[in-house]
Participant: 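I have a structure I would like to understand better, so I am pasting it below and will then ask my questions one at a time.
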Amino acid sequence: MTIEQIKHTIIEQILEVAPDIEENEIVPNENIQRSLEIDSFDFLQILTALKVQLGVEVPEADYGTVDTLEHMADYFDKRL
Amino acid sequence: MSEFKMPSLGADMESAVLMEWLVKEGDHVEKGQVIAEVETSKGVIEIEVFEEGIVEKILVEEETECAVGTPLAMIRSEDNIPQETVSTAPESTEESSEPKTTVEPIELEAEPAPSIQPTATEPEEAVSEERVKASPAARKKARELGIDLTELASEAGQTIQLSEVEAAATVHKTPASDGMRQAIARAMSRSNAEIPHYYLSASINMTPALEWLTALNAKRSIQERILPAALLIRAVVKALEEVPQLNGFWQEESHQVSKAINPGIAIALRKGGLITPALLNAQKMGLEGTMQALSDLITRTRSGKLRGSEMTQQTISITNLGDLGVERVYGVIYPPQVAIVGLGRITDTPWAEGDSLSVRKVMQATLAGDHRATDGRTGALFLEKLNDFLQQPEELL
């Protein structure tokens, strides 16, 4: 899976969890939770969905390294 | 035989559209069974019947707008079932374990809590079939001003910009949101006019609880992870079991303590607005159960699938504005409740213990209490118990 495909998968899951967000509101290097008003509950939903899609589980200790779309894509890219 | 009527699901509700019947004539219904879905300004809500019997006749067709109190169906008690008086209170408030304290809880029945439960803090964006294209800034502004973007869309045609929203604001009235805003205004004015609030605040060292939770979650799969919010709600519920006076109502000049602990959880809707549905019978749930119930409640709140009882049975409110960076929340009590618990942001703070100074995760917990029902000492006791439980999180399992 290329990093672009990973990004696409992440965006899909964000839109699935928060259907009122539009794709163009997701800025690659902005904090996902703050810029999109995603709370801790939704964030966990997104990571849970990505576990199912990509098979990689993000431990709580790594939350700091998956704060933006770019960082999250890198994180999964290294582990796939 | 009794009439099943359109319930009031909030002070701002005058009518709702009966969307779908989930039962048909001749069906047997159980007490507490969801029998229809209605659409309100807060989304689709499932409404329950509060007696057992047979659906004798359906009086209203689907997709009909009905005022509150309109008879929707006739329910006939079955012959072998003892005739019950029409109770609008769900079973949930009637059964629960005995509280440990000396306060005599009053059995709550018949009338559900007058449903002044709010409510949106911002006018809600009108629901549109197809989402209108608008810049994020325009969308935000429109939400603040309560402007319906769908109306602008037909005028503008393409992506709506901030300037267009601002221009519209000068001429635009928001009749749709007026009703809800007015209802909130009435409830909150009544609260401030009638309820002599007292406010208390305490700093709680959250490091032990968060470290304990991190260790617990490390052993669990991502699907089973427990959020700090669930741990906090669980701690509030445990503290309320010790100090039950804060869980109940002030009605007709008297204080009624509820056996069931149904905290109204303030849940923000991303499209704007806030709903405070009840986590019913939270006293019966462990930590795991609290997380599952919270998860379910948030999901259904945001997808618009709440039940009528969840809109009306709150016995206390919990608001957590920590996500927005607020350190301390001084709440306004929703009448007829007698308390609201505010949980602020958890911040790294210098913390003295004995002779040593260290950095700890600290949260400001606040309590607004109704001074007619309880005294500051009761509130102080509650915050102390809350703190105690959070220092020994294993007791919250």
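The figures that follow rest on heavy atoms only: side chains count, while hydrogens, waters and symmetry mates do not. Worth saying up front: this structure is predicted, and the values here are computed from it rather than measured. Every chain is numbered from 1 and lettered A, B, ... according to where its sequence line falls, protein lines coming before strand lines.
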Participant: Quick one: salt bridge (Lys or Arg N to Asp or Glu O under 4.0 Å) partners of K51(A), sequence neighbours excluded?
Facilitator: none
Participant: Using salt bridge (Lys or Arg N to Asp or Glu O under 4.0 Å) as the criterion, list what pairs up with E70(A), not counting sequence neighbours.
Facilitator: K7(A)
Participant: Which one of P228(B), A229(B), A230(B), S221(B) has the most heavy-atom pairs closer than 4.5 Å to chain A?
Facilitator: S221(B)
Participant: Assess whether atom CD of E224(B) is packed by more than 12 heavy atoms of other residues, nucleotides or ligands within 6.0 Å.
Facilitator: yes
Participant: Checking D74(A) now: which residues fulfil salt bridge (Lys or Arg N to Asp or Glu O under 4.0 Å) with it, not counting sequence neighbours?
Facilitator: none
Participant: Got more than 12 heavy atoms from elsewhere within 6.0 Å of CZ, R79(A)?
Facilitator: yes
Participant: Verify side chain to side chain contact (heavy atoms under 4.5 Å, CB included) between Q223(B) and V52(A), making sure each step is shown before the conclusion.
Facilitator: CA-CA 10 Å; Q223(B) 287 91 343; V52(A) 175; 4.3 Å; yes
Participant: Quick one: which of L294(B), L227(B), I267(B) gives a side chain to side chain contact (heavy atoms under 4.5 Å, CB included) with F41(A)?
Facilitator: L227(B)
Participant: At a 4.5 Å cut-off on heavy atoms, which part of S303(B) comes close to chain A: side chain, backbone, both, or neither?
Facilitator: neither
Participant: Hey, could you give me the CZ/CG distance between R302(B) and D42(A), rounded to the nearest 0.5 Å?
Facilitator: 4.5 Å
Participant: Spell out the residues in residues 57-67 of chain A that have some non-hydrogen atom less than 4.5 Å away from a non-hydrogen atom of chain B, in order of number; otherwise answer 'none'.
Facilitator: E57(A), V58(A), P59(A), E60(A), Y63(A)
